[in-house]
Amino acid sequence: MATSNTLFRKLPSVDELLRHKSLAELAEREGLAAVTDAARAVLATMRDEITKGSLDERGVDVALSGIEEAVTRELRRATTYSLRPVINATGVILHTNMGRAPLAEAAIQRIGEVARTYSNLEFDIDSGERGKRDVHVQRLLAKLLNDAGSQFDVHSVVVNNCAAAVMLVLNSLAEGGEVIVSRGELVEIGGSFRVPDVMAKSGAILREVGTTNRTRVEDYERAINDKTKLILRVHRSNFAIVGFTEQPNIEELVALSKRKNIPVVEDLGNGSLLDLRTVGVNNESGVPESIRAGVDVITYSGDKLLGGPQAGIVSGRKELIAKIRSNPLFRALRVDKLTYAALEATLLEYVRGNLDSMPVVRMMRISADEIKSRSEALLKNFSASKKLKAEVIRGESLIGGGTTPAATLPTYIIAVTHALLSADELQDQLRETEACIVTRVEEGRVLIDLRTVFPEQDQVVSGALQSL
Ligand SMILES: *Cc1c(COP(=O)(O)O)cnc(C)c1O
């Protein structure tokens, strides 16, 4: 048996390897440095395997015969993107793991226009002097929310995400004082956003009232004392309490807050600018409802049902927003010009009434029948083999992550099974395609819901099924 030293001697040097014609050509195209790195990586892996004993003499010969391809593959691996598009066939419209809201075309274009050159991000064109970046969405948010029936002139600021918005609001308005929250709202929202922890970090003192399932307005009222700074309502974004439950509605909290002169803050999360009943989602309110009810400050995400870029928006009374804006934390949590560009373009689509421009809004509004006919059309182009079976069945889409836990939309689903592959294996194969198609598995079948697939991707899904 060959010793590892003999095997090591069989390996070419990096220089020798780069003299192979195909690799010399590759270096010409992709740059010598990148190809040298790839060659080093391949040789290092082989040395490792020889040391571990997993490559014997025959193995080394086989590997050497394919070493140029291995270097080419390594180069491709090292120079491709880590963050890349996927096809979301899960039917979950807002999927936190898949980047939440896809942007409106207008927002994508606007990012390009603003990013390509200099902008007036903090420059007041009228006066020629230094300006403020938060003016860029103030005007449109004010219009949308005032038009929605606000009782006061709405002001807004934008920070990195809704978690940052909550932290900033609590720190600005309640540091050192007490904030009253129902025990039924002490939630954890994905990625370790826990209300009691955020409260502690903000420097505000949590004053819990009521019980997990029942809290009444009197519970809030009894807890108010001279240290009370805010009443906080937190949306139960990712769970529901059912059965013997009670929670004051937001109007009752606003009435109490007015009587006691303590502002009420609502962490709404979902950020919907629509009346969700128009898409068949009842028992779930968005920003307009809270604004109409007279909530003093609302926090919500830009990339949930609003359908814009990642952001946390704080909207509310002028004097409270001014306090928030002057907090040094605001500077640390602010967003960049790309976010303003995308958010302003998204809000402008709302102002123009182009609701279907926002992919998440469009996806909520597509009818089950339209999804059915797209699913059937997709299967028509597809000649099922004896091994692969696909049929269109009834199902439910989810609005998803951090918005409305229980809200579903009726849909049609392509259910796929294979004679030789398990559902999990089918799911893996679809995910490992170039387009990376992400699906659900239920009861031994792979489920494809076209609600969250862009129509121009239907062909790709069909092709991937064909090649299974
Ligand atoms: C989603 C959500 C958050 C966190 O929002 P991010 O934008 O992910 O930071 C906070 N509060 C509520 C109620 C939410 O639904």
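Every number for a ligand or one of its atoms is a count from 1 in the order of the listing. Below, each value reflects all heavy atoms present in this structure, side chains not excepted, and no hydrogens, waters or symmetry copies.
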Study note, to complete from the structure: If we number the atoms of ligand 1 from 1 as shown, the ones under 4.0 Å from a heavy atom of Ser301 are 5 (O), 6 (P), 7 (O)

Point to revise | Pair Lys389 + Glu391: basic N to acidic O under 4.0 Å | key: no

Review point. Considering the options Leu168, Val157, Val314, Leu320, which one meets the side-chain contact (heavy atoms from CB on, under 4.5 Å) requirement together with Arg325?
Key: Val157

**Study point:** Which of the ligand 1 atoms, numbered from 1, are nearer than 4.0 Å to a heavy atom of Phe193
**Key:** 10 (C), 11 (N)

Exercise for review: Would you mind running through ligand 1 and noting each atom that sits below 4.0 Å from a heavy atom of Gly269?
Suggested key: 12 (C), 13 (C), 14 (C), 15 (O)

Review point. If you measure from the Lys or Arg side-chain nitrogens to the Asp or Glu carboxylate oxygens, is any gap between Arg139 and Glu344 under 4.0 Å?
Key: yes

Point to revise | Stacked cation flag Arg133 on Tyr340, 6.0 angstrom / 45 deg | key: no

Check your understanding: Take atom CD in Glu443; do more than 12 heavy atoms of anything else shown fall under 6.0 Å from it?
Key -> no

Review point. Which atoms of ligand 1 have any heavy atom of His235 under 4.0 Å away?
Key: 13 (C)

**Study point:** N/O separation below 3.5 Å, Asp267 to ligand 1
**Key:** yes

Point to revise | Option with minimal heavy-atom separation from atom 8 (O) of ligand 1, where the choices are Arg100, Gln310, Lys304 | key: Arg100

Review point. Do Glu122 and His136 get their side chains close enough for a donor-acceptor pair, meaning under 3.5 Å?
Key: no

Review point. Just distances here: any N/O of Leu268 and N/O of ligand 1 closer than 3.5 Å?
Key: no

